[in-house]
Student: 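Shown below is the structure under consideration.
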Amino acid sequence: MPKIISEIPKNRSLKEVIKKDFELEQDFENYFCKYIVPEVVSYRLANFYYRNCLENISLKRYYVSITNIFNIFPDLDDIKNLIKEILELKYNLTIKTEDPLIINTWRS
C-alpha cells in the first residue's frame, strides 16, 4: 500500500521511500518463490497422494496447475529440490518418477 505523504519521516525524501518500497517488493518476490510456493506445491501433492487422486500426468503439469493461482511463477527446476525435501520431511513421501508423477511413502 502506498504511503501517504504525511507518513513519510521528516528526514527522508519521497524518492528514498519509493526506492525502499521497491526493494521490499523484490524481497517479497524472492521470499515467496523460495518459501511459499514450495510449501503450497508440496502440500497439494501430498493431499493428492493421500486422497488417491494422482493422475497419470507429469510433475510439471501438476506444478503449473497448482501455481496457476499465483502471479509469480518460479521455474520448477529452481525449486524442485525444495519440494522434494518438504515432501520427505513433512509428508513422508518421495517422488519415484516425474513423468508420469509417481509418489511413494518412504517410511511407515
Side-chain angles (χ1 to χ4, degrees):
M1 183 163 113
K3 292 187 182 264
I4 301 172
I5 302 265
S6 62
E7 294 178 354
I8 297 174
K10 301 234 185 270
N11 57 353
R12 294 178 66 192
S13 70
L14 185 58
K15 277 187 178 179
E16 291 174 356
V17 171
I18 291 172
K19 182 179 176 186
K20 184 71 173 168
D21 286 346
F22 179 74
E23 291 170 358
L24 288 174
E25 287 175 15
Q26 294 300 316
D27 288 344
F28 171 76
E29 192 169 314
N30 293 333
Y31 175 84
F32 189 82
C33 292
K34 188 173 180 181
Y35 298 106
I36 305 299
V37 172
E39 286 284 340
V40 170
V41 172
S42 300
Y43 170 77
R44 295 298 297 157
L45 289 175
N47 192 1
F48 291 149
Y49 174 80
Y50 285 119
R51 291 183 357 193
N52 294 323
C53 295
L54 285 176
E55 295 290 326
N56 206 14
I57 59 176
S58 68
L59 173 63
K60 186 162 183 80
R61 286 193 56 196
Y62 275 109
Y63 174 76
V64 169
S65 173
I66 293 168
T67 59
N68 199 21
I69 61 170
F70 304 128
N71 288 331
I72 302 171
F73 300 100
D75 189 27
L76 176 60
D77 295 331
D78 295 341
I79 64 169
K80 189 186 307 182
N81 291 332
L82 291 170
I83 293 169
K84 289 180 179 181
E85 187 177 322
I86 293 168
L87 280 173
E88 285 183 20
L89 295 175
K90 287 179 94 171
Y91 304 107
N92 302 324
L93 299 172
T94 57
I95 295 178
K96 186 175 179 183
T97 63
E98 293 181 13
D99 192 14
L101 181 64
I102 298 174
I103 298 177
N104 292 329
T105 57
W106 68 276
R107 64 179 176 188
S108 50

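Just so you know, these numbers use all the heavy atoms, side chains as well, and skip hydrogens, waters and symmetry mates. No experiment lies behind these values; they were computed from the predicted model shown.
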Student: Near Phe32 CZ, under 6.0 Å, is it more than 12 heavy atoms from other residues, nucleotides or ligands?
Tutor: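 Yes.
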Student: Nearest 0.5 angstrom please: Leu93 CG to Glu88 CD, how far?
Tutor: 9.0 Å
Student: Considering only residues two or more places apart or on different chains, which pairs with a residue in residues 67-76 satisfy salt bridge (charged side-chain N to carboxylate O under 4.0 Å, His left out)?
Tutor: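 Non-adjacent pairs meeting salt bridge (charged side-chain N to carboxylate O under 4.0 Å, His left out): zero.
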Student: Applying side chain to side chain donor-acceptor pair (under 3.5 Å), name anything that partners Lys90, two or more places apart in sequence or on another chain.
Tutor: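 In terms of side chain to side chain donor-acceptor pair (under 3.5 Å), with neighbours along the sequence ignored, Lys90 is linked to Glu39.
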Student: Test side-chain contact (heavy atoms from CB on, under 4.5 Å) on Leu76 and Ile83; report intermediate values, then the result.
Tutor: CA-CA 9 Å; Leu76 176 60; Ile83 293 169; 4.2 Å; yes
Student: Shared ILVMFWY cluster between Ile102 and Ile86, side chains joined below 4.5 angstrom?
Tutor: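 As far as the 4.5 Å side-chain criterion goes, Ile86 and Ile102 are not connected within one cluster.
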Student: Taking all atoms of both residues into account, what is the closest heavy-atom pair of Ile79 and Pro74, and its distance?
Tutor: CD1-CG, 4.1 Å
Student: Could you tell me which residues satisfy side chain to side chain contact (heavy atoms under 4.5 Å, CB included) with Lys84, sequence neighbours excluded, listed by chain and number?
Tutor: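 Scan of Lys84 (side chain to side chain contact (heavy atoms under 4.5 Å, CB included), adjacent residues dropped) gives Lys80, Ile95, Glu98.
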Student: Please round to the nearest 0.5 Å and tell me the distance separating atom CG of Leu59 and atom CD1 of Ile103.
Tutor: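 It comes to 8.0 Å.
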Student: State the CG-OG1 distance between Leu87 and Thr105, to the nearest 0.5 angstrom.
Tutor: 12.0 Å
Student: Under the criterion side-chain contact (heavy atoms from CB on, under 4.5 Å), I'd like the reasoning laid out for Phe48 against Leu101: C-alpha separation, chi angles, the key distance, then a yes or no.
Tutor: CA-CA 11 Å; Phe48 291 149; Leu101 181 64; over 6 Å; no
Student: Assess whether side-chain contact (heavy atoms from CB on, under 4.5 Å) is satisfied between Ile66 and Leu45, documenting all intermediate values.
Tutor: CA-CA 9 Å; Ile66 293 168; Leu45 289 175; 4.2 Å; yes
Student: Among residues two or more places apart or on two chains, list those pairs meeting side chain to side chain donor-acceptor pair (under 3.5 Å) that have a residue in residues 42-69.
Tutor: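 Every candidate side chain to side chain donor-acceptor pair (under 3.5 Å) pair involving residues 42-69 fails, so no pair, neighbours aside, qualifies.
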